[in-house]
Amino acid sequence: MRQRTIDGGGEQRIPDASELGWVDGLYENRPPRQRGVGDAPDDAPDDDGHKAATGGGRKGGGGPRPRRKRRVLRWIAAVLALLILGTAGAGYLYYRHLNGNLTKDVLHLGENKLDKSTPNAAGQTPLNILLMGSDSRNSKENVRLGGAKADEGRPPLADVQMLVHVSADRSNMSVVSIPRDTRVTIPKCTDPKDGKVYAQRSDKINTSLQNGGPGCTVATWEELTGIPIDHFMMVDFSGVVSMADAVGGVPVCVNNNVYDRRSGLRLEKGENVVKGEQALQWLRTRHGFEDGSDLGRAKAQHMYMNSMVRELKAGSKLTNPNKLRKLAEEATKALTVDDGLGSVGELYDLGEDIKRVPTKRITMATMPWVYSQGGSYVLPKEGDAEKVFSMVRNDVALDGKDKKKAQPTQSPEPSDPAAPHAQIAVRVLNGTGTAAQAPVTGRAAVITDQLRRAGFSRAVADRTPKSQWDTTLTYPSADLRGDALAVAKTLGIPERSVKHFAGDSQITVVVGADWREGAVHPKQADSGDTDRDDGKAPESLDGLNGDDKTACMDANPNYTW
């Protein structure tokens, strides 16, 4: 199941980095650390992966069904690749060659992938892309950049993970990162290369990459968040540096002189332009910012990414044809993608979608979290984390600036009253399976029986396989909204889950993973879901707007000069 509880209940004092036992495995010749209370046992994976162990309707039908881096830098380079390829038409000059540069892998390694997001009333579908940074030491260059020679050849960790959600109408983009030390359920995964099966377990989310590849990290995200992942992109150390070199400098800001000897980052107070290995240092450094933990580093990553997006969208980095070709070359060499993004053409189309989002509607944020007791890992903050995930699932922008639209789903009264129950045709599907849970047998039949007892004699159970977190009730045309609300009232489904979808041929109920038992919907009143459509993110979500040019990182007082 998706993890929802936290140890110890409420929030606790935030310990500093030394109390938490953060380890810098990427740096060579580091002094040994003394274990303290709350530290993980010697045989547990530390945060650098050492010793690391995922019928027709009554009044008309719809139209045809629509066709269906070591830490940080890797995901930034991935988004950079999207923007570059979406802007650089010159990349097509090397179409076949660039296609050959791309490394491809399986999208999902769990037993049950969530279905794609449901289109909105206009038939538009949101897009969810998981960006990953591998700390692989599979080459001399990656060992040089990442340090920790003893780790050469070990299975990589996904030390940076970030979900890019592009809204259905392409008006906004929400980016949510999850700290690498978040403890989650890693579902059972099967390695497609050798058939090895990795049992389900509870562990830090960055270890999911070791269970057969990026497809297991995708399965883990779907299990934790309930958000269906459409694509993934993954980059390693050397790919980050080559991309940063190719694109040129990116302006960043720090509020004091900062010098982190471990990462090598040395900058003067104010704005600095970083590129190449200096960009890598900015994105890797932890000790130099705030309290010296990964959470401060995530803010620095968000700042870098926003600045990069602004530079690219302004066109300041995209005027020289030779630079464009170099960017396309480095981007394709750097990326591992799922088969659905396995060509430059598909990456180009994806980039075009992202280009449509104005920077003022881009929000970068980290999942609301709390430290576990002892501080050896972090957990999703109960209520707040689920609300963020729910907003993404339901295509609600994290910036709170979605415009209220006059749609049937928001009409207080249906234009056409409900017909007698016996005249309303309803199709019911079982969508209760998730990456870590098999579907509950017979759920569609249970709900169908409940409807028939209430007089909906035309209700039928459909055996078409489905898998989604939220229960939904859709109707194909505005004149069937009254009928749909009558069905929702009978089953206890909240009105916010009743949606207009022209792709359906009749009223359709999909019983989601949030309703695995009982004949009346539980409404998830304890999860923050009741407020999910208020258009506001929880206060604990520390978001950064893409147009914010005043953001400046707080230097750690112990790392200034």
Side-chain angles (χ1 to χ4, degrees), residues 72-73 75-84 86-88 131 160 162 164-167 170-177 240 243-258 260 265-276 278-286 288-290 295-320 323 327 351 354-366 397-402 536-537 539 541-556 560:
V72 180
L73 305 174
W75 64 266
I76 294 174
V79 169
L80 175 58
L82 286 175
L83 292 168
I84 291 168
T87 309
L131 308 178
V160 177
M162 188 167 290
V164 175
H165 171 82
V166 187
S167 66
R170 306 307 188 248
S171 68
N172 65 85
M173 184 168 77
S174 298
V175 182
V176 181
S177 62
V240 169
M243 289 282 291
D245 271 333
V247 76
V250 173
V252 295
C253 177
V254 64
N255 70 351
N256 204 345
N257 296 343
V258 61
D260 179 3
L265 180 69
R266 183 185 179 96
L267 294 175
E268 294 183 354
K269 176 181 178 179
E271 183 175 287
N272 295 265
V273 177
V274 297
K275 65 178 181 178
Q278 191 176 42
L280 179 65
Q281 292 167 353
W282 172 272
L283 293 163
R284 288 178 63 191
T285 193
R286 182 183 76 237
F289 299 138
E290 300 193 351
L295 291 311
R297 176 162 50 193
K299 291 183 181 179
Q301 299 163 8
H302 295 159
M303 182 185 297
Y304 181 95
M305 183 174 177
N306 273 339
S307 181
M308 177 70 77
V309 169
R310 289 195 299 269
E311 292 286 303
L312 291 172
K313 289 179 76 70
S316 58
K317 305 295 182 183
L318 303 171
T319 57
N320 186 308
K323 286 185 177 181
L327 285 172
I354 291 178
K355 276 176 56 184
R356 293 164 57 187
V357 179
T359 54
K360 65 182 180 181
R361 294 301 311 280
I362 296 175
T363 303
M364 308 271 178
T366 299
L398 294 182
D399 63 6
K401 297 178 182 178
D402 278 344
K536 298 179 181 179
E539 293 183 1
L541 188 72
D542 188 8
L544 179 64
N545 183 268
D547 249 5
D548 187 352
K549 301 177 183 179
T550 66
C552 207
M553 286 303 301
D554 291 332
N556 185 332
T560 60

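Computation of the quantities below employed the complete heavy-atom set of this structure, encompassing side-chain atoms and omitting hydrogens, waters and symmetry-equivalent molecules. The chain is numbered in sequence order, starting from 1.
- Every residue two or more places apart in sequence or in another chain was checked for a side-chain hydrogen bond (donor to acceptor under 3.5 Å, both in side chains) with S174, and none qualifies.
- A 4.5 Å side-chain heavy-atom check between M173 and I354 finds at least one atom pair inside the cut-off.
- In this structure D554 satisfies the salt bridge (Lys or Arg N to Asp or Glu O under 4.0 Å) test with no other residue, sequence neighbours excluded.
- Shown here are the side chain to side chain contact (heavy atoms under 4.5 Å, CB included) partners of K360, two or more places apart in sequence or in another chain: P358, D547.
- Here S307 pairs with nothing under the side-chain hydrogen bond (donor to acceptor under 3.5 Å, both in side chains) rule; sequence neighbours left out.
- The side-chain hydrogen bond (donor to acceptor under 3.5 Å, both in side chains) check on R361 picks up D399, D402, with sequence neighbours excluded.
- Looking at heavy atoms from C-beta onward, R310 lies out of side-chain contact with P251 at the 4.5 angstrom threshold.
- The salt bridge (Lys or Arg N to Asp or Glu O under 4.0 Å) test applied to R356 returns D353, not counting sequence neighbours.
- Between T366 and S177, the closest heavy-atom pair is OG1-OG, 3.0 Å.
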Kindly indicate, with the supporting measurements, whether the criterion side chain to side chain contact (heavy atoms under 4.5 Å, CB included) is fulfilled by E271 and K549. CA-CA 10 Å; E271 183 175 287; K549 301 177 183 179; over 6 Å; no

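- A300 approaches W282 most closely through the heavy-atom pair O-NE1, 3.1 Å.
- In terms of the side chain to side chain contact (heavy atoms under 4.5 Å, CB included) criterion, residue partners of A365 (sequence neighbours excluded) are, by chain and number, L541.
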List the steps, then state whether side chain to side chain contact (heavy atoms under 4.5 Å, CB included) holds for Y304 with V274. CA-CA 9 Å; Y304 181 95; V274 297; 3.9 Å; yes

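- Considering NE2 of H302 and CG of D542, their distance stands at 9.0 Å, rounded to 0.5 Å.
- From N556, atom CG reaches atom CG of N256 across 10.5 Å, with rounding to the nearest 0.5 Å.
- By the side chain to side chain contact (heavy atoms under 4.5 Å, CB included) test, C552 is found to be paired with C253, N255, residues two or more places apart in sequence or in another chain being considered.
- For the pair V357 and V166, the minimum side-chain heavy-atom distance is below 4.5 Å.
- In this structure, M553 and E290 have side chains that are in contact, with non-hydrogen atoms separated by less than 4.5 Å.
- Considering T363, N172, V175 in turn, T363 is the only one that fulfils the side chain to side chain contact (heavy atoms under 4.5 Å, CB included) rule with L398.
- Using a 4.5 Å heavy-atom cutoff, the side chains of Q278 and L267 are in contact.
- Listed here is the closest heavy atom pair of A551 and L544: CB-CD1, 3.8 Å.
- For N257, there are no side-chain hydrogen bond (donor to acceptor under 3.5 Å, both in side chains) partners two or more places apart in sequence or in a different chain.
- Closest non-hydrogen pair, K401 versus N545, comes out as NZ-ND2, 4.3 Å.
- Judged purely by distance below 3.5 Å, without hydrogens or angles, the side chains of D260 and T285 pair a donor atom with an acceptor atom.
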